[in-house]
Amino acid sequence: MRRGDIQGLRAIAVLAVVLYHAGLRAPGGFTGVDVFFAISGFVITEVLLRQLTRNDSVRLGGFYLRRIKRLLPALATMTVVVAAIGVLATPASALRLSAITALAASLFSANLYLLHVGSGYFDISTSLDPFLHTWTLGVEEQFYVIFPAVLVATWWLARGRLRTSADGARLLAALVFGVVSLLSFLLAVKLSSGPLGGLLPRQKLAFYSSPTRAWEFGLGAVVALLVPWLRRIPAMVATVLGAAGLVAIGAAIWALHGTSHTPGVATLLPVVGTCAVIVCGTAAGRMVPRALAVRPLTWIGDLSYSWYLWHWPLIVYAHALWPAAPHAGAWAAAFSLLPAWLSFRYIENPIRFGVRTAARPVLAVGVACLALSIAATGGLWAAGSALGPLRTVSEWKLAMAKHADTTRGCADAIAYGPGMPGRCEATVAHPRGEIVLIGDSNAGQYTEPVFAAARQAGYDAIVTTAHACPFAYVRLSGSVTTPSADCLRYLDGTLRAVAARRPSLVIVAERTDEYLTNWELGFSPLTGGKPVYDPTAKTEVLGTGLARALERLGATHIPVVLIHPVPALPGPSGDCAVLRILTHGCATRVPRAKVDQMLKPAFELENRAAARAPSIVPVSFVDEICSHSDCRSTRGRMLLYRDFFHLSVGGALTLTPRFRELIEQRAVPRA
């Protein structure tokens, strides 16, 4: 039975996700996925319960055949078209990642593959993968594999063994799924902070795994199981529930920040809100269901699956092909409605309603879809291999090489001192002293020139970095790559070791401008308080935390060089589409005045923090990278940038003379 209010909820869910992916300031738009999961739990349970209450059994074969018809044709169509376009439009660094993800998506296991993909600050960003969004299909289909069997087994136990009524069987099933949902929720909360160790960080496991998402489907299922009792709720109470549910969903979309890696407590807002709205429509509530059932919303709700499939690949391609175009992602998201409608009108519905639900025809459709998807992903993989030997691609690959702090294992937030791996040090015969390079990945990008300059000046050099960690006494919230506790442990241990070991010179760098403007990353003081996400508020918190760290450094009276952020240039090399690499189109030019304006808040913050200690000297490399008129991401045929925020190894090495000058001017040789 089709319900207009549920289609309206689907519309809200897909709009939230699309707005978030298009960068249109819906900071919690990712929670639209959680709305989808709760709806799926309710709808699938309703479908199965209709058969159970009628026949005390379910034809699981027919259920899975209908899922094949519903999901595979649209997915295969998107995969084939996106893979074909992606040979030239995919960001080159993500070609093989995209091919494997697409193959896994065709087998409804993209979430399991993405669990094992490196997600470090310098690894290939999964955000460049046009098939990244298919992880949700994996979670959903894995739910469909387990859930019907558990429901049927519970129903059989209640009706066959315990001899209960149908209502009794509903209550027992609701109890079972309630307990399972609670355990799943507790697991999600448990895994939502800190590293797990081994291959799978806790946050990735919580985000991608089916067991930590099961509670979202489970709550929807519990609502479906309790429908006979929910229908007795008075109209006024139902209306209040529905309105409160919409407010909760809206709060999740517009107020949550960067909790995409923590599907736990914060996720209660969209999931419980969705369940409340469904309860309202199930009971006697009218206002909320009528508002959700308006034609524009139900039309988008009907298209929600297709639009969800198509919007993300086109956003990725738009950014890769036209990185400097304003609102490229938003335009691509809007345009994606066209292929979504075409797929819905001419692929999804004709197969869904025109192919008989029998094993032979449906399995034939499924095999054809799978074969087409495998062929398309194989072509994408082959394209990546064929392009590799080309000169332009080889030059690009050279620019994409990881910096030595990463390749040597010195970027894992291990504090400077005795615990560092020996490979993080570059030594010379009869050293005059020791140069230490610390900070986040923007310090790590200087590993090669600092090592080279130190060697030329006769010093040993050590690098140890903590990627995505501000060099400041602050707590991190929201979209956190490295757990806040690890960042603070690195900072505190490093400052203690500097005071004890007394190196000749300390070089510090961090990406202050990105920390201020990243609206998914929040800061709070160590003394406590609510995290802040607004750049103005973050300026105060980060400035205070950085000043405290630099004061501790200054108290050692050891010379310190604080390097300001380099310009961030749109159209970074790592995100460059294959087509642009082949046509030497990855170069980016930004007016110098615009760069100076963008970096000004960060420079001022760092200068204020450094002013408290006379031994600390702030240094900018903007003049070395930019001319008086503009800043370019290339120098001749060399790509200066590895990605949006980081120089390539070659680009960083152009700064070697400047680092040698700083070392010779500032370093204090051993007595």
Side-chain angles (χ1 to χ4, degrees), residues 21 33 64 67-119 123-146 199-200 204-205 207-210 213 305-306 308-317 320 336 339-340 343 347-348 351 362-388 393 575 577-578:
H21 284 158
V33 167
Y64 291 119
R67 300 315 299 163
I68 290 173
K69 287 200 303 177
R70 174 75 175 91
L71 298 175
L72 269 182
L75 175 62
T77 301
M78 183 276 294
T79 300
V80 170
V81 175
V82 168
I85 299 172
V87 171
L88 294 178
T90 299
S93 59
L95 263 176
R96 293 192 175 185
L97 172 68
S98 302
I100 299 174
T101 308
L103 178 60
S106 302
L107 301 172
F108 295 110
S109 58
N111 62 319
L112 301 180
Y113 167 65
L114 291 167
L115 264 174
H116 296 85
V117 174
S119 60
D123 290 323
I124 294 172
S125 173
T126 52
S127 66
L128 306 181
D129 183 353
F131 297 97
L132 173 65
H133 63 317
T134 58
W135 72 269
T136 62
L137 304 184
V139 171
E140 192 158 341
E141 288 308 303
Q142 288 150 29
F143 166 77
Y144 293 152
V145 169
I146 302 296
L199 295 175
L200 305 178
K204 284 184 70 178
L205 191 62
F207 183 68
Y208 284 122
S209 75
S210 299
R213 294 285 185 172
Y305 175 55
S306 287
Y308 181 81
L309 288 177
W310 285 94
H311 83 283
W312 177 247
L314 297 192
I315 288 173
V316 170
Y317 291 164
S336 66
S343 174
I347 303 291
E348 187 177 333
I351 294 176
V362 175
L363 290 178
V365 168
V367 169
C369 290
L370 187 57
L372 287 170
S373 296
I374 291 174
T377 56
L380 193 59
W381 177 279
S385 300
L387 292 168
V393 177
D575 295 8
V578 172

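Starting from 1, each residue takes its place in the sequence as its number.
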ask   = side-chain hydrogen bond (donor to acceptor under 3.5 Å, both in side chains) with Tyr317: which residues, sequence neighbours excluded?
value = Thr90
Shortest non-hydrogen contact from Pro130 toward Trp312 = O-CD1, 3.4 Å
remark   = The ring pair (Phe, Tyr, Trp, His ring centres under 6.0 Å) partners of Phe143 (sequence neighbours excluded) come to Phe147, Phe217
note = In terms of heavy-atom contacts, Ser98 and Leu380 come closest through CB-CD2, 3.9 Å
message = I'd like to know if the side chain of Arg213 and the backbone of Tyr208 have a donor-acceptor N/O pair within less than 3.5 Å.
response = no
ask   = Got a second to check how far Ser109's OG is from Leu137's CG, nearest 0.5 Å?
value = 11.0 Å
query = To the nearest 0.5 Å, how far apart are CG in Leu71 and CD1 in Ile351?
reply = 12.0 Å
task = For Leu107, look at atom CG and say whether over 12 heavy atoms of other residues, nucleotides or ligands are found less than 6.0 Å away.
result = yes
inquiry  = Per the side-chain hydrogen bond (donor to acceptor under 3.5 Å, both in side chains) rule, what does the pair list look like for residues 374-388, sequence neighbours excluded?
reply    = Arg96-Ser385
remark   = Residue set satisfying side chain to side chain contact (heavy atoms under 4.5 Å, CB included) with Leu88, at least two apart, ordered chain then number -> Val578, Leu579, Leu582
task = Without swapping roles, check the side chain of Ser343 against the backbone of Pro339 for a donor-acceptor pair under 3.5 Å.
result = no
ask   = If you round to the nearest 0.5 Å, how far is CE of Met78 from CG of Leu314?
value = 10.0 Å
query = Are the side chains of Ser210 and Asn111 in touch, meaning some heavy atoms are under 4.5 Å apart?
reply = yes
request  = Could you pull out all residues at least two apart from Thr101 that satisfy side-chain hydrogen bond (donor to acceptor under 3.5 Å, both in side chains)?
outcome  = Asp129
ask   = With under 30° as parallel and over 60° as perpendicular, where do the rings of His133 and Tyr308 fit, or are they tilted in between?
value = tilted
request  = Measure the CG-CG distance between Leu128 and Leu97 for me, rounded to the nearest 0.5 Å.
outcome  = 8.5 Å
query = With Glu141, which residues qualify under side-chain hydrogen bond (donor to acceptor under 3.5 Å, both in side chains), at least two apart?
reply = none
key: From CD1 (Ile68) to CG (Leu75), nearest 0.5 Å   = 12.5 Å
ask   = Taking C-beta and beyond as the side chain, do Leu387 and Leu95 meet within less than 4.5 Å on heavy atoms?
value = yes
query = For the side chain of Tyr144 and the backbone of Tyr64, is there at least one donor-acceptor N/O pair under 3.5 Å apart?
reply = no
key: Distance, nearest 0.5 Å, that separates OG1 of Thr136 from CG of Leu309   = 8.0 Å
key: salt bridge (Lys or Arg N to Asp or Glu O under 4.0 Å): pairs with one or both residues in residues 68-88, sequence neighbours excluded   = Arg70-Glu348
key: Partner residues of Val81 under the side chain to side chain contact (heavy atoms under 4.5 Å, CB included) criterion, sequence neighbours left out   = Ile85, Trp310
ask   = Between Ile315 and His311, is any pair of side-chain heavy atoms under 4.5 Å apart?
value = yes
request  = Kindly state whether the ring of Tyr113 and the ring of His116 have centres lying under 6.0 angstrom apart.
outcome  = no
request  = Could you tell me whether the side chain of Phe108 reaches within less than 4.5 Å of the side chain of Glu140, counting heavy atoms only?
outcome  = no
query = With Thr77, which residues qualify under side-chain hydrogen bond (donor to acceptor under 3.5 Å, both in side chains), at least two apart?
reply = none
